[in-house]
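All of these numbers come straight from a predicted model, not from anything done at the bench.
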Amino acid sequence: MKKITLFFALALLLAFPKNAAAQNESLNFWSDYPNEELADALVLRMSDEELYAQILMFGWAGAEPSDLLNEWVSSRGLGSVKVFGWNTDNTTLVARSVKSLQQKAQKRALQIPLFVATDQEGGWIRHVKGNTSITPGNLSIGASGYPYDAYYSGYYINKEIAALGINMNFAPTIDLYTDKNSTIIGTRSFGENARNAGILGAAWAKGCLDAGVIPTAKHFPGHGDTQNDSHIFLPSINIDQKTFEERELLPFKLLIQSDVPAIMSGHLSFPQLRPNGEPASLSEYFLTEILRKQLGFKGLIITDDMMMNGATMYAGSVSRAFRMAVEAGNDIVISSTTAQLDEPLWTGTIALMKRDSAFREKVKAAARRVILSKLKYYKNKKPAPLYPDENTIDQFIPDKEGQKFFLDQACRSITVTRAKSLPFTRELAGRVLLCGSEPQFFKAGKERWPNAGEFRFNYAMGPNETQWAADNIPQTANGYDTIIICVADKNSATAARSLKPLAKAGKKVVVFAIMSPVLVEDFDWADTVLLGYSYSPYALEALVGAAAGEFEAPGVEPIGE
């Protein structure tokens, strides 16, 4: 009797397989099955080529996607594309391009849509341009310290790009402002305090999700303690295990606890942890042992751009770097340029999948995670539109409510580090000279001090213009009582220091730090120093308003704690 019962049980299992979706011959991405079951069924139907294509993300140069990128989507089933800052001044064209690529993806048999990504961090990292908001940025949020500001920054920034059909953002940046001389992270950071960065990053990511865009915390395991740029060579961060765990990993732990859906791996070397010098982005130790097993991260791991020298120099070639990225545990491998159809990163990897079952299983597992993430995203209540309407972009960009918020947020962030004569009302300021580069600075200044003079220089001055500014600003300033000058980088700081003798002679020199506060740390000779953390029009308006005494600046400098 037991044998007969067992026989019928086996017969039933064969007749009614556990995964009913796998038996549906007309199955596609939009079929009505549970996400996990459908992901398994889709992966079973995919060729090696389709599995590998699903974990690749390519960008394009030029105003529109190239014929080559279109071919990758149509013929190979490319899984994701990235919108870089080279081609995004025309947001209408961006929306039209995204729509066209998604239409091509939907013509394939399984109809798996694309992830469309960009870097829209806020502050000075703003890859989608046009009329999108130029926001005060992360360090400004760190100065106000309110998770509210982080949440709504993430919400309004991503609400704008979602209107273009962009559904993944490589933000928030939760690297710490540890190396004060670094210009790679700088004001992209929420600050130096690891716990604060994690809390604010988690709030930003929640706002991003609520706007319909997938956030990606970066750059794991932390890019803040180095001046080196991984675009050029592999940065080495020489910290011990204790510092690594208690400082670098803490923001990522907090984001993982809040269920961030994606994390970007950085091209970063930690020689005290891995003496072989391997970058985290190509390291099974960092991605599988630490991120997956130790920290318990279940979401997508996405490489930083593999065209950066920090990855390729260590690996020895682009194709080997791609293979190592998969072996390390990345789920999506990014190239800022579109690969040729016959490049070794494709042909060599496909050949490896066919002869190495273990490697093929890694690709298959990554492809399944990507597809499952897409199912959870696209079958949610509020994804970005699959086919964005290029005719309605002006209704969403810039976001009208966002504009009001960003000005309020900027006001909450303005920080006073030195104030001798503040405020500078029209009566107290006397004759005012405005020195800087940004149109909004001069516009806002003229509204408060209508008779103010102007001294304009370029935002990014070369050595000759810097010397010219340093020579001429003091001569012009002699005829004024109050000089307000913006400092954005080392060169504008040099120009501002030319006013030191005038300050000692009794002129009121007011310094606006419109990027890193580090640039004005030695400006104790100035009458007043205000930190705005950004050249955003909102930050400049807030700086001028604070200087004019319209509100008391409440911000607290988020570095140097």
Side-chain angles (χ1 to χ4, degrees), residues 22 36 39-58 72-73 75-80 108 110 112 115 220 234 262-269 274 276-294 297-308 310-335 337-374:
E36 297 274 355
D40 289 335
L42 289 168
V43 166
L44 284 173
R45 289 170 182 252
M46 295 170 73
S47 66
D48 288 353
E49 289 78 6
E50 288 173 315
L51 290 171
Y52 182 49
Q54 191 59 215
I55 71 171
L56 298 178
M57 176 182 287
F58 292 154
W72 272 97
V73 174
S75 300
R76 293 225 168 129
L78 182 69
S80 306
R108 292 184 57 81
L110 297 180
I112 302 173
F115 273 147
F220 183 83
L234 180 62
I263 288 177
M264 176 173 282
S265 59
H267 306 316
L268 305 161
S269 170
R274 300 297 286 174
N276 64 0
E278 63 186 9
S281 56
L282 306 182
S283 169
E284 189 173 11
Y285 170 76
F286 284 108
L287 302 187
T288 301
E289 294 301 318
I290 294 180
L291 186 52
R292 290 287 189 209
K293 296 179 181 179
Q294 182 178 322
F297 180 59
K298 305 297 185 185
L300 293 176
I301 303 177
I302 305 172
T303 71
D304 207 343
D305 181 11
M306 296 299 289
M307 296 298 106
M308 295 161 66
T312 56
M313 288 178 68
Y314 178 84
S317 69
V318 172
S319 59
R320 188 163 187 269
F322 270 62
R323 175 177 63 78
M324 292 177 69
V326 174
E327 291 173 334
N330 290 283
D331 299 307
I332 294 179
V333 186
I334 300 177
S335 170
T337 57
T338 302
Q340 296 297 317
L341 296 173
D342 60 350
E343 282 194 30
L345 67 86
W346 174 261
T347 57
T349 303
I350 296 300
L352 181 60
M353 287 178 69
K354 295 187 183 303
R355 69 174 183 268
D356 186 334
S357 60
F359 181 78
R360 184 183 183 278
E361 284 303 309
K362 286 239 179 187
V363 174
K364 181 180 175 182
R368 185 189 182 278
R369 273 192 291 269
V370 172
I371 292 169
L372 182 59
S373 295
K374 288 181 178 181

task: Using side-chain contact (heavy atoms from CB on, under 4.5 Å) as the criterion, point out the one residue from D304, I301, I302, L291 that pairs with F220.
output: L291

Measure across [X] and [Y] and return the closest heavy-atom pair with its distance rounded to 0.1 Å.
X: H267; Y: S281; value: ND1-OG, 2.6 Å
X: N330; Y: A325; value: ND2-O, 2.9 Å
X: Q340; Y: E343; value: N-OE2, 2.9 Å
X: S373; Y: L300; value: OG-CG, 3.4 Å
X: T303; Y: S265; value: CA-OG, 3.4 Å
X: A315; Y: R320; value: O-NH1, 3.0 Å

query: Of all residues at least two apart in sequence or in a different chain, which pass the ring-ring contact (aromatic ring centres under 6.0 Å, His included) check with Y52?
result: W346

Distance, nearest 0.5 Å, that separates [atom1] of [X] from [atom2] of [Y]:
X: L282; Y: Y314; atom1: CG; atom2: OH; answer: 8.0 Å
X: R323; Y: D356; atom1: CZ; atom2: CG; answer: 9.0 Å
X: W72; Y: M57; atom1: CH2; atom2: CE; answer: 14.0 Å
X: I334; Y: M308; atom1: CD1; atom2: CE; answer: 10.0 Å
X: S80; Y: K374; atom1: OG; atom2: NZ; answer: 4.5 Å

Side-chain atoms of residues 361-371: list all donor-acceptor pairs with protein atoms under 3.5 Å, sequence neighbours left out, distances to 0.1 Å.
| residue | atom | partner | partner atom | Å |
| --- | --- | --- | --- | --- |
| K362 | NZ | E327 | O | 2.6 |
| R368 | NE | D40 | OD1 | 2.5 |
| R368 | NH2 | E36 | OE1 | 2.5 |
| R368 | NH2 | D40 | OD1 | 3.3 |
| R369 | NE | D331 | OD1 | 2.7 |
| R369 | NE | D331 | OD2 | 3.3 |
| R369 | NH2 | D331 | OD1 | 2.8 |

- request: Show your reasoning for whether side-chain contact (heavy atoms from CB on, under 4.5 Å) applies to F359 and T349.
  value: CA-CA 9 Å; F359 181 78; T349 303; 3.7 Å; yes

- request: Carefully, step by step, assess F286 and L268 under the rule side-chain contact (heavy atoms from CB on, under 4.5 Å).
  value: CA-CA 10 Å; F286 284 108; L268 305 161; over 6 Å; no

A side-chain contact here means heavy atoms from C-beta on lying under 4.5 Å apart; do [X] and [Y] qualify?
X: E50; Y: R108; answer: yes
X: L345; Y: M306; answer: no
X: F322; Y: I55; answer: no
X: R360; Y: L51; answer: yes

- prompt: Hey, mind stepping through I112 and M46 against side-chain contact (heavy atoms from CB on, under 4.5 Å) and telling me if it holds?
  reply: CA-CA 11 Å; I112 302 173; M46 295 170 73; 4.2 Å; yes

task: Would you mind listing every salt bridge (Lys or Arg N to Asp or Glu O under 4.0 Å) that reaches into residues 346-355, with sequence neighbours excluded?
output: D48-K354, E49-K354

